Amino acid sequence: MHTFTVNDMVCGGCAANIVKAVQNFDPAAAVEADPASKRVTVESAKSSAEIAQVIAAAGYHAE
């Protein structure tokens with residue numbers, strides 16, 4: 001399980017964009033994005049670094 005703080009995820013649309021980007025990268029991933037807490041959790045066999053890069057490519061900063 002990978003957990004990221006994404007401070008620039010401010011709405012449900014942002015969350016949906018992040019979920020879509022990660023699932024396009026890893027269709028087997030289970031992704032939850034909560035704009036209220038600024039948290040994204042990903043259950044994936046991919047590395048945290050790879051997932052952070054995907055989130056960045058979608059236009060968000062994952063810490």
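These figures come from a predicted structure and were not determined experimentally.
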Legend entry - Atom pair OG1/CD of Thr3 and Glu63 - distance to nearest 0.5 Å: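 CD of Glu63 is found 13.5 Å from OG1 of Thr3.
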Legend entry - Under the side chain to side chain donor-acceptor pair (under 3.5 Å) test, residues paired with Thr5 that sit two or more places apart: Arg39
Legend entry - For Ser48, all residues meeting side chain to side chain donor-acceptor pair (under 3.5 Å), sequence neighbours excluded: His2
Cut-off 3.5 Å, no hydrogens considered: what does the side-chain donor-acceptor table look like for residues 9-30, sequence neighbours left out?
| unit_1 | atom_1 | unit_2 | atom_2 | d |
| --- | --- | --- | --- | --- |
| Asn17 | ND2 | Gly13 | O | 3.4 |
| Asn17 | ND2 | Tyr60 | OH | 3.3 |
| Asn24 | ND2 | Lys20 | O | 3.4 |
| Asp26 | OD1 | Ala28 | N | 3.1 |
| Asp26 | OD2 | Ser44 | OG | 2.4 |

